[in-house]
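Bear in mind that the values here come from a model prediction, so they are computed numbers and not experimental data. Below, chain A is the first sequence line, B the second, and so on; all start at residue 1.
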Amino acid sequence: AQSVTQLGSHVSVSEGALVLLRCNYSSSVPPYLFWYVQYPNQGLQLLLKYTSAATLVKGINGFEAEFKKSETSFHLTKPSAHMSDAAEYFCAVTRGGGSQGNLIFGKGTKLSVKP
Amino acid sequence: EAGVAQSPRYKIIEKRQSVAFWCNPISGHATLYWYQQILGQGPKLLIQFQNNGVVDDSQLPKDRFSAERLKGVDSTLKIQPAKLEDSAVYLCASSFLVVASGSPDTQYFGPGTRLTVL
């Protein structure tokens with residue numbers, strides 16, 4: 001079975017500070033990992049995805065994540081937070097495509113950015 | 001490119017009533033998903049369609065929930081009768097990939113329908 005654990009339901013940073021959102025996964029098969037962002041009253045938007053091509057994945061809006069198999073982690077980072085980054089972030093795992101493509105999500109981390 | 005469309009955006013009903021949600025995926029996307037997102041939690045898959053066939057409905061409460069995608073395009077999710085614990089956001093997503101295995105394609109999500117059951 002696959003699962004995702006996001007450490008910290010709420011993270012607060014100052015504008016310009018480093019953003020670090022933590023995600024650990026559990027999977028019996030090589031995982032595919034995703035980070036999605038959800039703004040209030042909106043659907044989820046893909047930030048980035050890991051599909052085994054490269055361990056350091058760059059996404060949109062300056063975010064990146066590094067896949068570390070030894071630590072079973074896929075933490076999301078951004079060097080400098082912007083006010084517009086305030087949103088909820090979800091880490092998700094899946095086994096593959098087609099019939100195995102359903103995403104298993106973590107509980108989410110709400111990011112607040114202080115001016 | 002138009003995104004995933006969902007309607008209504010908001011719905012308030014009383015318990016034991018029925019409700020239906022509609023989703024129109026991105027054109028050409030063979031796979032369609034319905035997720036339930038309860039407040040404070042991540043989305044949970046309810047059902048996955050590939051064209052007009054069901055791929056995975058293992059987490060769908062079939063005694064009260066039903067879904068269909070008759071022509072392999074748009075889809076309807078129904079709850080009958082609704083319970084208080086069904087209050088949630090119902091998200092529809094679609095993706096292009098059809099093959100049985102391999103790297104997953106990106107799922108594109110609609111804005112969701114927020115259901116409140118009183």
Side-chain angles (χ1 to χ4, degrees), chain A residues 1-10 21 23-25 27 29-54 57 59-60 67 76 87-110, chain B residues 3-10 21 23-26 29-51 53-60 89-114:
Chain A
Q2 295 183 305
S3 65
V4 163
T5 302
Q6 291 184 242
L7 299 176
S9 59
H10 194 184
L21 304 182
C23 173
N24 288 88
Y25 70 90
S27 180
V29 298
Y32 298 99
L33 293 157
F34 301 76
W35 276 100
Y36 279 85
V37 60
Q38 187 175 35
Y39 297 101
N41 298 316
Q42 294 187 29
L44 282 74
Q45 180 184 7
L46 181 69
L47 279 177
L48 50 82
K49 64 180 178 181
Y50 166 74
T51 57
S52 75
V57 183
I60 62 172
F67 174 72
L76 182 71
E88 191 153 22
Y89 292 78
F90 291 93
C91 183
V93 64
T94 185
R95 291 174 293 170
S99 60
Q100 303 179 83
N102 59 296
L103 294 169
I104 298 167
F105 287 88
K107 291 188 175 182
T109 297
K110 188 167 289 188
Chain B
V4 177
Q6 290 189 248
S7 67
R9 290 295 312 276
Y10 305 92
F21 313 128
C23 171
N24 192 32
I26 293 173
H29 281 195
T31 309
L32 185 147
Y33 310 81
W34 283 102
Y35 290 87
Q36 180 192 56
Q37 185 179 16
I38 293 173
L39 187 64
Q41 298 183 22
K44 182 186 80 173
L45 180 74
L46 291 175
I47 189 166
Q48 177 186 351
F49 291 95
Q50 196 157 287
N51 296 308
V54 175
V55 173
D56 183 355
D57 64 355
S58 57
Q59 298 190 89
L60 186 73
V89 176
Y90 291 85
L91 295 165
C92 179
S94 68
S95 66
F96 179 76
L97 196 64
V98 177
V99 295
S101 62
S103 178
D105 204 351
T106 299
Q107 292 185 30
Y108 296 87
F109 285 79
T113 296
R114 182 177 298 274

Query raised in the report: Do other residues, nucleotides or ligands put more than 12 heavy atoms under 6.0 Å from A:I60 CD1?
Result: yes
Report task. To the nearest 0.5 angstrom, please state how far the CG atom of A:N102 sits from the OG atom of B:S58. Result -> 7.5 Å
Query raised in the report: Side chain, backbone, both or neither: which part of A:L44 has a heavy atom under 4.5 Å from chain B?
Result: both
Report task. Enter the distance from A:Y36:OH to B:F109:CZ here, rounded to the nearest 0.5 Å. Result -> 5.0 Å
Requested in this report: Among residues two or more places apart or on two chains, list those pairs meeting side chain to side chain donor-acceptor pair (under 3.5 Å) that have a residue in residues 36-47 of chain B.
Outcome: A:Q38-B:Q37, B:Q36-B:Y90
Requested in this report: Any chance you could measure B:T106, atom OG1, to A:L48, atom CG, to the nearest 0.5 Å?
Outcome: 10.5 Å
Query raised in the report: Any side-chain heavy atom of A:L103 sitting closer than 4.5 Å to one from B:Y35?
Result: yes
Query raised in the report: Pick from B:P111, B:P43, B:A93: which one has the most heavy-atom pairs with chain A under 4.5 Å?
Result: B:P43
Query raised in the report: Counting distance only, does the side-chain N/O of B:R114 pair as donor-acceptor with the main-chain N or O of A:N41 below 3.5 Å?
Result: no
Query raised in the report: Which residues pass the ring-ring contact (aromatic ring centres under 6.0 Å, His included) test with A:F67, sequence neighbours left out?
Result: A:Y25, A:Y50
